[in-house]
S.K.: 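First the structure, then my questions, so here it is.
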Amino acid sequence: MPMPDVVTRFAPSPTGHLHIGGARTALFCWAFARKHRGVFTLRIEDTDQARSSDESARGIMEDLAWLGIDWDQGPEFTTSDGKKIGGDPFRVGPFFQARRVKLYNEHLMRLIEQGKAYPAFEKPEELESKRKAAVAAKQTYRYDRAALREMPDIKDRLKRMESGEPHVIRFFVPDEPVRVQDEVLGEVKYAAGEVDDFVIRKADGFPTYHFAVVVDDETMGVTHVMRAQEHLNNTPRHVALQKALGFRTPVYAHMPLICNMDSSKMSKRDKAKAARAAIKQASQKEPGVASRLASETGLGEKTLADFVAGEIDTVEVATAIGARLNIALPEIEVADFRENGYLPEAINNFVALLGWNPGMKLPDGKDLEKFDNAFLCQHFSVERIGKTSAKFDRTKLMSFNADAINALPDAVFAARWRAWCAEFSPEIVRRVPEARWGILASAVKARAKTFREASKPCAFAMLDDGAIVFDQAAVDKNLLANDKQGLALLRAFREAFAAAFPESSGDEVGAGPSHAIIETLAKDRGLGMGPVAQAIRVALAGVAVTPPLGETMAVLGRRSTLARLDRCLATHHG
RNA sequence: GGCCCCGUCGUCUAGCCCGGUCUAGGACACUACCCUUUCACGGUAGGGACAUGGGUUCGAAUCCCAUCGGGGUCACCA
């Protein structure tokens, strides 16, 4: 099978969950490939042995699949509904860089033989101190080619290298300007001497990112590289390497960054920042909070001290601390959004709009901004990628999510919400029988911005009848005010309800009929719905906010409804 | 600090390439009112931007220059 004209790739390093910015990159690469009937590649950049893990790689694939992004070549993966993704139809694998070391070394030896790369033997500490000195002197640090000066004869260096002495391989960067042609930014020029002799193979024998990327993009047939703008300054390195190796240069398109509302780059470190800030705040009230956390999280004093000092900022540590301190860390990774009840279609749509737009109008003249992945595959174009970085406005995402939820047919919402709850809020699934779930779901759908928020007003359904806690303010206002008007209404309602649903009728209660009882009662008394409904709400849920009452009673059923009414009446001796 | 990128409502953006149709359009958020049994949804209306200064031109958000501002990047991480 011949390689198509368009091959794109998404190449994450497996050091954690998929970042939301990575999701956008993947989405664009995928959509571009689909639009041009090309091939979308997933490649795992696991050359950092210390930080990479198979779990992360699997997690990223799960996140991608959840978003509906499938890859034509890459690691094999089976989705939760049994669809197989990935494989190696063009025989260019494997797709884990750690398994391609032999290939890298072949190309690397070629460079060394041609004098375009050379071993260097400085210790990391030596380089580090030179770097620090340069920074202190307010000068730009560039590798000074000391290795070449000290041992001019390549044969000597190769002998030393073969003797097993620890070394890195550096690329001998030609002394010439580099032009990068970028489809988003236009031509970007780098003067000769801007790029120094960077390392292309580490002391552990693994290639660095720059080298692996260049070799892989060539050997995997990648034609279009779309990535975030933070990589722009890497591109001259890659172009220089391609030239030295005799490779083609793919088409580049660097897309704008996704930033926080304070315009810093949105990064996993933000979680650590938030956790650190929380510790600082907590320590004002509780001086020993750090050591308490150290033992409670099981992280230990040392790790926690390093974390507070900013020496480490891993997501795992931040998450453990956040959980202990009971604070919400910012949503950064796709998994965070999933956990908080966002729909993949809303995330895709929103994230696609960060830096791209279809440039189309609706018949009523408004801009078209709601679309799905199929639309994106049909209309995505690099030309319409913007240049300016975008701030990630969670409020707007939330609005998109609410719209996406509302667009779901009731039955679909019910099923998807239940699936979400089963994973992240199992108590409610345990409490509300399947037969009544549809009623709850339809009652809650219109007011839910996320799956998680949909569950909030359902607290009433997760408590035993005797466990309802009456909010005092709600009781005062809706039951006791006006000479206990609410209690009187409640008593009347209790009688009417019991009469309408005698014991012999079973436990099922219709939402419509229940609602009708309230209506009749209000009418008979010459009252609006308010006083009656609010009193009942407080009796059934303890608070003044619940889904519509007919549905609420239908979910509770006859027995629970009566039990709660009676308990409320007794507690406040109506 | 060097290098690189960017600069339209608070935010995402349309318009910019191909100056006039822009008294700059949409969306989210905000404010007010309407609807309403709570919370929401929904409806209507409103405030809100071309960073600044110079050019070019009959005419500039659109072209040019400068200034200012913001961001990214400077690893044996990717």
Side-chain angles (χ1 to χ4, degrees), chain A residues 11-13 15 45-48 50-52 120 122-124 127-128 131 134-135 137-142 166-170 180 182 184-185 188-191 194-196 198-204 206 208-210 212-213 228-236 254 256-257 259 261 263-265 350 353-357 359-362 364-370 383 386-393 395-400 402 406 444-449 453 456-457 474 478 515 518-519 522 528-538 541 543-549:
Chain A
S13 64
T15 56
E45 311 222 324
D46 56 350
T47 55
D48 185 339
R51 296 199 303 160
S52 299
E122 293 95 335
K123 298 206 167 54
L127 296 170
E128 188 57 30
R131 191 175 300 119
V135 170
K138 295 205 168 184
Q139 293 196 320
T140 307
Y141 172 80
R142 290 199 180 89
H167 66 278
V168 300
I169 304 293
R170 285 182 184 271
V180 173
D182 189 276
V184 173
L185 300 170
V188 182
K189 292 175 206 161
Y190 294 86
E194 257 329 302
V195 178
D196 70 356
F198 53 99
V199 173
I200 55 178
R201 190 175 75 186
K202 301 180 269 188
D204 65 4
F206 282 87
T208 60
Y209 158 75
H210 300 113
V213 159
Q229 251 175 49
E230 59 190 329
H231 287 291
L232 181 62
N233 291 331
N234 290 148
T235 313
H254 287 91
L257 257 14
C259 297
M261 290 310 277
S263 31
S264 59
K265 186 175 76 167
F350 177 72
L353 247 13
L354 258 28
W356 183 82
N357 78 80
M360 295 182 196
K361 298 265 188 221
L362 263 5
D364 63 3
K366 296 182 173 183
D367 293 349
L368 185 154
E369 65 168 10
K370 295 291 172 65
E383 298 83 64
K387 297 178 176 187
T388 57
S389 57
K391 290 178 186 160
F392 193 91
D393 184 355
T395 313
K396 184 157 181 173
L397 200 215
M398 178 94 69
S399 164
F400 269 50
N406 252 291
V444 127
K445 196 184 101 176
R447 62 209 74 217
K449 288 188 181 349
E453 289 218 341
K456 274 186 189 161
N478 301 299
H515 178 259
I518 306 176
E519 239 176 358
M529 290 289 274
V532 188
Q534 287 309 87
I536 299 170
R537 239 181 267 280
V538 173
V543 293
V545 178
T546 75
L549 278 178

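In what follows, every chain begins at residue 1, and chains take the letters A, B, ... in the order their sequences are listed. Atoms considered below: every heavy atom in the structure, side chains included; atoms not considered: hydrogens, waters and symmetry mates.
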S.K.: Could you tell me which residues satisfy salt bridge (Lys or Arg N to Asp or Glu O under 4.0 Å) with Asp196(A), sequence neighbours excluded, listed by chain and number?
M.R.: none
S.K.: How would you list, by chain and number, every residue that makes a side chain to side chain contact (heavy atoms under 4.5 Å, CB included) with Glu122(A), sequence neighbours excluded?
M.R.: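 Once residues adjacent in sequence are excluded, the partners of Glu122(A) under the side chain to side chain contact (heavy atoms under 4.5 Å, CB included) criterion are Ala120(A), Glu126(A), Leu127(A), Tyr143(A), Ala146(A), Ala147(A).
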S.K.: When you compare C18(B) with A75(B), how far apart are their C1' atoms, in angstrom units rounded to a whole number?
M.R.: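 Looking at atom C1' only, C18(B) and A75(B) are 46 Å apart.
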S.K.: Base, sugar-phosphate, or nothing: which does Pro457(A) touch, judged by heavy atoms less than 4.0 Å apart?
M.R.: nothing
S.K.: Going by purine N1 to pyrimidine N3 plus the second Watson-Crick contact, or the G-U wobble pair, all under 3.5 Å, which nucleotide sits opposite G42(B)?
M.R.: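 Here G42(B) is engaged in a pair, and the nucleotide opposite it is C34(B).
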S.K.: So what does Glu453(A) touch, heavy atoms closer than 4.0 Å: a base, only the sugar-phosphate, or nothing?
M.R.: nothing
S.K.: Since syn is defined as within 90° of 0, does C35(B) count as syn or as anti?
M.R.: anti
S.K.: Using atom C1' of each nucleotide, how far apart are A78(B) and U31(B) to the nearest Å?
M.R.: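 47 Å, rounded to whole Å.
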S.K.: Please state the P separation for the pair U62(B) and A40(B) - nearest whole angstrom.
M.R.: 43 Å
S.K.: If you measure from the P atom in G55(B) to the same atom in G2(B), how many Å do you get, rounded?
M.R.: 30 Å
S.K.: Look at all strands and tell whether Met398(A) reaches a base, only sugar-phosphate, or nothing, counting heavy atoms closer than 4.0 Å.
M.R.: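 No contact.
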S.K.: Suppose you measure atom P in C64(B) against the same atom in C28(B); what distance do you get, rounded to whole Å?
M.R.: 34 Å
S.K.: Just to be sure I understand the rule, does Asn234(A) reach a base, reach only the sugar-phosphate, or reach nothing, if contact means heavy atoms closer than 4.0 Å?
M.R.: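 Base: the residue Asn234(A), judged by heavy atoms under 4.0 Å, touches a nucleobase.
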S.K.: How far does the C1' atom of A51(B) sit from the matching atom of G70(B), given to the nearest Å?
M.R.: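 Result for the C1' pair: 11 Å, nearest Å.
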S.K.: Just checking, is any N or O donor in the side chain of Asp48(A) or Tyr209(A) under 3.5 Å from an acceptor N or O on the other one?
M.R.: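 Checked: Asp48(A)/Tyr209(A) side chains show no N/O donor-acceptor pair below 3.5 Å.
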S.K.: Taking any heavy-atom pair under 4.0 Å as a contact, classify His254(A): base, sugar-phosphate, or nothing.
M.R.: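 His254(A): no heavy atom of the nucleic acid under 4.0 Å.
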S.K.: Within the structure shown, what part of the strands sits under 4.0 Å from Lys370(A) by heavy-atom distance: base, sugar-phosphate, or nothing?
M.R.: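 The residue Lys370(A) makes no contact with any strand.
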S.K.: Select base, sugar-phosphate, or nothing to describe what Thr47(A) touches, counting heavy atoms under 4.0 Å on all strands.
M.R.: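 Sugar-phosphate, no base atom in range.
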S.K.: For the side chain of Arg537(A) and the backbone of Val543(A), is there at least one donor-acceptor N/O pair under 3.5 Å apart?
M.R.: no
S.K.: Just jot down the side chain to side chain contact (heavy atoms under 4.5 Å, CB included) partners of Asn357(A), sequence neighbours excluded, or say none.
M.R.: Leu353(A), Arg384(A)
S.K.: On RNA chain B, reading 5' to 3', which nucleotide is the first and which the last to sit with an atom under 4.0 Å from a heavy atom of chain A, could you check?
M.R.: G1(B) to A78(B)
S.K.: Which value, in whole Å, describes the distance between the P atoms of nucleotides G42(B) and C6(B)?
M.R.: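 Result for the P pair: 38 Å, nearest Å.
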S.K.: Just checking Gly355(A): base, sugar-phosphate only, or nothing, at a heavy-atom cut-off of under 4.0 Å?
M.R.: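 The answer is sugar-phosphate, as Gly355(A) gets under 4.0 Å only of primed atoms, P, OP1 or OP2.
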S.K.: Both distances below 3.5 Å, Watson-Crick or wobble geometry, any strand: find the nucleotide opposite C18(B).
M.R.: none
S.K.: If you pin Lys138(A) and Leu549(A) to their nearest nucleotides in RNA chain B, which one's is more 5'?
M.R.: Lys138(A)
S.K.: When we call it a touch if two heavy atoms are under 4.0 Å apart, what does Arg51(A) touch: a base, just sugar-phosphate, or nothing?
M.R.: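 The answer is base, as Arg51(A) lies within the cut-off (heavy atoms under 4.0 Å) of a base atom.
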S.K.: So what does Ala390(A) hit on the nucleic acid, given a heavy-atom distance under 4.0 Å: a base, only sugar-phosphate, or nothing?
M.R.: sugar-phosphate
S.K.: Identify, between Glu194(A) and Ile518(A), the residue whose nearest nucleotide on RNA chain B lies closer to the 5' end.
M.R.: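 Nearest nucleotide further toward 5': that of Glu194(A).
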S.K.: Donor-acceptor check, side chain of Thr235(A) to backbone of His231(A), threshold 3.5 angstrom: yes or no?
M.R.: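 Pair found, side chain donor or acceptor close to backbone of His231(A).
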S.K.: Tell me what Thr546(A) touches on the nucleic acid: a base, only sugar-phosphate, or nothing, going by heavy atoms under 4.0 Å.
M.R.: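 The residue Thr546(A) makes base contact.
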S.K.: Base, sugar-phosphate, or nothing: which does Pro548(A) touch, judged by heavy atoms less than 4.0 Å apart?
M.R.: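 Base contact - Pro548(A) has a heavy atom under 4.0 Å of at least one base atom.
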S.K.: Please determine, for G1(B), whether a Watson-Crick or G-U wobble partner exists with both distances under 3.5 Å, and give it or none.
M.R.: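 For G1(B), the partner nucleotide comes out as C74(B), under the 3.5 Å rule.
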S.K.: Touch check for Val199(A), heavy atoms < 4.0 angstrom, all strands: base, sugar-phosphate only, or nothing?
M.R.: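 Sugar-phosphate contact only.
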S.K.: Sub-3.5 Å donor-acceptor pair from the side chain of Thr208(A) to the main-chain atoms of Val199(A), do we have one?
M.R.: yes
S.K.: Name the pairing partner of U11(B), where a pair is Watson-Crick or G-U wobble with both distances under 3.5 Å, or state none.
M.R.: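 Matched U11(B) with A27(B) under the 3.5 Å cut-off.
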S.K.: The criterion is side chain to side chain contact (heavy atoms under 4.5 Å, CB included); which residues satisfy it with Val184(A), sequence neighbours excluded?
M.R.: Asp182(A), Ala253(A), Val382(A), Ile385(A), Lys387(A)
S.K.: Rounding to the closest angstrom, what is the interatomic distance between G47(B) and C4(B) at atom C1'?
M.R.: 39 Å
S.K.: Apply side chain to side chain contact (heavy atoms under 4.5 Å, CB included) to Glu230(A) and list each qualifying residue two or more places apart in sequence or on a separate chain.
M.R.: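 Partners of Glu230(A) by the side chain to side chain contact (heavy atoms under 4.5 Å, CB included) criterion, ordered by chain and then number, come out as Ala228(A), Leu257(A), Lys265(A).
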S.K.: How would you label the contact of Tyr190(A) with the nucleic acid (heavy atoms, under 4.0 Å): base, sugar-phosphate, or nothing?
M.R.: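 Sugar-phosphate, backbone atoms only, no base.
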S.K.: Checking base pairs now: Watson-Crick or wobble, both atom distances under 3.5 Å. What partners A66(B)?
M.R.: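 Matched A66(B) with U52(B) under the 3.5 Å cut-off.
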